[in-house]
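Note that these values count all heavy atoms, side chains included, but never hydrogens, waters or copies made by symmetry. Atoms within each ligand, like the ligands themselves, are counted from 1 in listed order.
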Amino acid sequence: MRKGDLPAVMTIERTAYSHPWTASIMEDCLHMRNYACWVGLINGKIAGYGILSIAAGECHLLNLCVHPDQQGGGLGRILLRHLLALARRRGADTAFLEVRSSNQIARKLYESEGFCEIGTRRGYYLHPQGREDAIVMARTLMQTLEFEEIPS
Ligand SMILES: CC(C)(COP(=O)(O)OP(=O)(O)OC[C@H]1O[C@@H](n2cnc3c(N)ncnc32)[C@H](O)[C@@H]1OP(=O)(O)O)[C@@H](O)C(=O)NCCC(=O)NCCS
């Protein structure tokens, strides 16, 4: 993801989430040395993106999003695998993420990629009717998955 990608990324962010990140949060991510920010293209057009932080042998998935018109086509899984492969190559042995308890589609994707529930953060997310719990999930990157060779 580059600065010039931000308008397309923010259009997806605002379309896909009830409580989207601001453009300045997204731009800040691009300046963080230990963040991996990638876009995924479909037919040459940005259709999704993922953001991951990597530090102290751990990585945290901070955002994973696919345009609603393109969801269900496999891009989310590709982006997730790509980010985890990068993290592994940069020395992370464990991956963490938080997901809204109501987000069954994302939870199913993460479970199918080896993530397990390790806890709940009560009222972590804003919700139109108040607050919503976050499910905290984790997986090891050690016993892995044959990650494909990718550019770092
Ligand atoms: C979650 C998200 C990133 C998944 O990306 P995607 O490209 O739609 O997902 P994929 O096509 O790679 O599918 C991966 C798995 O997700 C699940 N899934 C995807 N779309 C689904 C649907 N419409 N109904 C049920 N399950 C679905 C399935 O388990 C699927 O695996 P399968 O194809 O083997 O059945 C995407 O739906 C999204 O951007 N959602 C809005 C933003 C969001 O909630 N992000 C996650 C924040 S934690």
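Below 3.5 Å of separation, one finds an N or O of Gly76 facing an N or O of ligand 1. Of the polar atoms of Val66, at least one N or O is found under 3.5 Å from an N or O of ligand 1, judged by distance alone. Residue Tyr110 has no N or O atom closer than 3.5 Å to an N or O atom of ligand 1. Note: no N/O pair closer than 3.5 Å links Ala16 and ligand 1 by distance alone.
The closest approach between a heavy atom of Cys65 and any atom of ligand 1 is below 4.0 Å. Heavy atoms of Glu98 come nearer than 4.0 angstrom to ligand 1 in at least one pair.
Cluster annotation: Ile46 and Ile25 are assigned to the same hydrophobic cluster (Ile/Leu/Val/Met/Phe/Trp/Tyr, side-chain heavy-atom contacts under 4.5 Å, transitive). Linking ILVMFWY side-chain heavy atoms closer than 4.5 Å, directly or via other members, places Leu75 and Leu109 in a single hydrophobic cluster. Residues Leu41 and Ile51 are members of one and the same hydrophobic cluster, defined by side-chain heavy-atom contacts under 4.5 angstrom among Ile, Leu, Val, Met, Phe, Trp and Tyr. Ile12 and Leu61 fall into different hydrophobic clusters, defined by Ile, Leu, Val, Met, Phe, Trp and Tyr side-chain heavy atoms under 4.5 Å apart, directly or through other members. In terms of hydrophobic clustering, with Ile, Leu, Val, Met, Phe, Trp and Tyr side chains grouped at heavy-atom distances under 4.5 Å, Leu83 and Met1 are assigned to different clusters.
Distance remark: protein heavy atom present below 4.0 angstrom from atom 34 (O) of ligand 1. The protein reaches atom 15 (C) of ligand 1 closely, with a heavy atom under 4.0 angstrom from it. Atom 2 (C) of ligand 1 is never approached by the protein to below 4.0 angstrom, counting heavy atoms only.
Side-chain polar atoms of Ser112 and Arg77 form a donor-acceptor pair below 3.5 angstrom. Judged by distance alone, the side chains of Glu98 and Tyr125 never bring a donor and an acceptor atom under 3.5 Å apart. Side chain to side chain, Asp28 and Tyr35 fail the donor-acceptor criterion of an N or O pair below 3.5 Å.
Put simply, the side chain of Tyr49 reaches to within 4.5 Å of the side chain of Cys65, judged on heavy atoms. Side-chain atoms of Asp5 and Trp38, non-hydrogen and from C-beta on, never get closer than 4.5 Å to each other.
No side-chain donor-acceptor contact under 3.5 Å links Asp93 to the backbone of Met142. Between the side chain of Arg139 and the main chain of Gly114, no donor-acceptor pair closer than 3.5 Å is present. With Arg131 contributing its side chain and Gly123 its backbone, the two residues share a donor-acceptor pair below 3.5 Å.
Each of the atoms 11 (O) of ligand 1 lies under 4.0 Å from some heavy atom of Gly73. Atoms of ligand 1 found under 4.0 Å from any heavy atom of Lys108, numbered from 1 in the order shown, are 29 (O). Distances below 4.0 Å separate heavy atoms of Leu75 from the following atoms of ligand 1: 7 (O), 12 (O). Counting the atoms of ligand 1 from 1 in the order shown, those under 4.0 Å from a heavy atom of Ala106 are 1 (C), 46 (C).
Residue nearest to atom 20 (N) of ligand 1, selected from Gly40, Gly72, Gly50: Gly72 (by heavy-atom distance). Of the candidates Gln70, Gln71, Arg100, Gln71 brings a heavy atom nearest to atom 37 (O) of ligand 1.
Remark: minimum distance from atom 22 (C) of ligand 1 to any protein heavy atom is reached at Ile105 CD1, 3.5 Å. At the top of the distance list for atom 11 (O) of ligand 1, counting protein heavy atoms only, stands Gly74 N, 2.6 Å. Protein heavy atom closest to atom 4 (C) of ligand 1, with residue, atom name and distance, is Leu109 CD2, 3.9 Å. The closest protein non-hydrogen atom to atom 30 (C) of ligand 1 is Arg77 NH2, 3.7 Å. The protein heavy-atom contact nearest to atom 45 (N) of ligand 1 is Leu64 O, 2.7 Å. Nearest protein neighbour of atom 47 (C) of ligand 1, counting heavy atoms only, is Tyr17 OH, 3.6 Å.
Residue Asn103 touches ligand 1 through its side chain alone, judged by heavy-atom distances below 4.0 Å. Under 4.0 Å from ligand 1, not a single heavy atom of Tyr49 appears.
Rounding to the nearest 0.5 angstrom, the gap separating the CG atom in Leu6 from the CD atom in Glu27 is 6.0 Å.
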